[in-house]
**Q** 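Take a look at this one; I'll ask things after.
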Amino acid sequence: MIRQSCLSRTRGIAFAAATAALAVPFLATTGSAQATPAMTAFSASASAPTSASALLPASAPAPAHAPASALAPARLTCAARTAPNYPITFTPPLRDAAPQPTKGQGVILFENCTSPSGAITDISSGRMEVSGTAVASCRGVADLSGSGTVTWRDAQGKVTGTSKLSAKHPGSATPADNLLQGDVVSGRLNGRHFEGTGTMTSDLRQCTEPSGFTQLTGSGRISFA
């Protein structure tokens with residue numbers, strides 16, 4: 001029987017890896033875009049994310065360490081999920097044993113995108129291929145480095161741009177770390193910070209099986225501030 005600590009860590013490790021490398025491709029909600037296999041590897045593991053902070057009252061001074069999402073309405077928020085038939089896959093599989101260098105790859109879909117700040121009117125969905133590496137097991141992760149390339153589409157399925165996302169976390173990570181966050185380093189939303197939350201739907205019992213934990217599926221939300 002897998003201990004609860006292992007379950008919670010695996011849950012965080014896996015989905016964070018997916019969205020943190022940042023995970024995160026998309027398909028147009030109109031169904032005009034087709035998911036395709038990821039061409040690169042995505043980060044292998046990460047820890048459980050924390051929710052984006054609530055907006056601060058206009059009269060309240062923001063603390064110096066407050067994330068961008070706490071200071072103003074997000075420029076873009078989307079539902080996020082692993083693409084059908086293209087989950088995040090780990091090579092070699094994660095196990096309930098000693099950490100080892102691991103690569104990951106997959107596709108994440110962004111759907112039902114909206115702009116709370118009203119700054120973006122031509123993005124309805126997106127598709128991102130994610131890739132990355134980490135030293136990981138079902139119990140923990142270290143030296144996470146991931147990236148993702150998103151292709152954005154409007155409500156009619158027309159491509160409206162691309163974004164390159166990056167997420168890094170050197171050293172050891174714990175479930176308290178928020179690795180579902182990073183930065184847009186080029187393209188649409190360049191210079192913006194992203195963060196999100198996610199729930200894994202994969203079978204955690206794979207951690208103790210000979211084949212190991214090979215695939216991650218899940219869903220959540222992501223915001224660009």
**Q** Within the side chain of T82, is there an N or O that forms a donor-acceptor pair under 3.5 Å with the backbone of G218?
**A** yes
**Q** In the structure I gave you, are the side-chain heavy atoms of W152 and I120 within less than 4.5 Å of one another anywhere?
**A**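 When only atoms from C-beta onward are counted, I120 and W152 do not touch, as no gap falls below 4.5 Å.
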**Q** Taking all non-hydrogen atoms of both residues into account, name the closest pair between A225 and R192 and its distance.
**A**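 In terms of heavy atoms, the two residues are closest at O-CD, 2.8 Å.
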**Q** To the nearest 0.5 Å, what is the distance between CG (N190) and CG (L165)?
**A**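 Going from the CG atom of N190 to the CG atom of L165 covers 10.5 Å.
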**Q** If we ignore angles and hydrogens, is there a donor and acceptor under 3.5 Å between the side chains of T217 and S202?
**A** yes
**Q** Once you round to the nearest 0.5 Å, how far does OG1 of T89 lie from CD of Q105?
**A** 4.5 Å
**Q** Under the rule for side-chain hydrogen bond (donor to acceptor under 3.5 Å, both in side chains), what residues qualify as partners of T160, not counting sequence neighbours?
**A**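 For T160, no residue satisfies side-chain hydrogen bond (donor to acceptor under 3.5 Å, both in side chains) once neighbours in sequence are set aside.
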**Q** Restricting to non-hydrogen atoms, name the atom on M200 and the atom on L204 that form the minimum distance, rounded to 0.1 Å.
**A** CE-CD2, 2.5 Å
**Q** Which pair of non-hydrogen atoms, one from G118 and one from T121, has the smallest distance, and what is that distance?
**A** O-CG2, 4.4 Å
**Q** Could I get the full list of side-chain hydrogen bond (donor to acceptor under 3.5 Å, both in side chains) partners for D143, not counting sequence neighbours?
**A** none
**Q** What's the spacing between L189 CG and T162 OG1 if we round to 0.5 Å?
**A**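 The CG atom of L189 sits 10.5 Å away from the OG1 atom of T162.
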**Q** Which heavy atom of S117 sits nearest a heavy atom of P73, and at what distance?
**A**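 In terms of heavy atoms, the two residues are closest at CB-O, 3.8 Å.
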**Q** To the nearest 0.5 Å, what is the distance between CD1 on I123 and CG on D154?
**A**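 These two atoms lie 9.5 Å from each other.
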**Q** For the side chain of S115 and the backbone of R75, is there at least one donor-acceptor N/O pair under 3.5 Å apart?
**A**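 Here the side-chain-to-backbone pair exists.
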**Q** For the residue pair S147 and K164, establish whether any side-chain heavy-atom pair is separated by less than 4.5 Å.
**A**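 Side chain of S147 against side chain of K164, heavy atoms only: contact under 4.5 Å found.
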**Q** Test side-chain contact (heavy atoms from CB on, under 4.5 Å) on S145 and K168 and set out the steps.
**A** CA-CA 4 Å; S145 178; K168 294 185 178 181; 3.8 Å; yes
**Q** Is there side-chain contact between L109 and P84, with heavy atoms separated by less than 4.5 Å?
**A**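 Yes, close enough: below the 4.5 Å cut-off.
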**Q** I'd like to know if the side chain of T77 pairs up with that of S223 as donor and acceptor (distance under 3.5 Å, no hydrogens or angles considered).
**A**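 No, S223 and T77 have no side-chain donor paired with an acceptor closer than 3.5 Å.
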**Q** Run the side-chain contact (heavy atoms from CB on, under 4.5 Å) test on Q215 and Q206 for me, step by step, so that the C-alpha distance in whole Å, both residues' side-chain angles and the decisive distance to 0.1 Å come before the verdict.
**A** CA-CA 9 Å; Q215 297 184 344; Q206 295 175 353; 5.6 Å; no
**Q** Who are the side-chain hydrogen bond (donor to acceptor under 3.5 Å, both in side chains) partners of R188, not counting sequence neighbours?
**A** D122
**Q** If you take all heavy atoms of A74 and P116, which pair is closest and at what distance?
**A**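 Scanning both residues, the minimum pair turns out to be O-CD, 3.2 Å.
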**Q** Taking H193 for its side chain and F224 for its backbone only, find out whether a donor-acceptor pair lies under 3.5 Å.
**A**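 Flag not set: sc H193 to bb F224 has no pair under 3.5 Å.
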**Q** How far does CD of E111 sit from CZ of R221, to the nearest 0.5 angstrom?
**A**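 CZ of R221 is found 10.5 Å from CD of E111.
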**Q** Measure across A155 and S124 and return the closest heavy-atom pair with its distance rounded to 0.1 Å.
**A**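 It is N-CB, 3.5 Å.
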**Q** Measuring from T214:OG1 to L94:CG, what's the distance to the nearest 0.5 Å?
**A** 9.0 Å
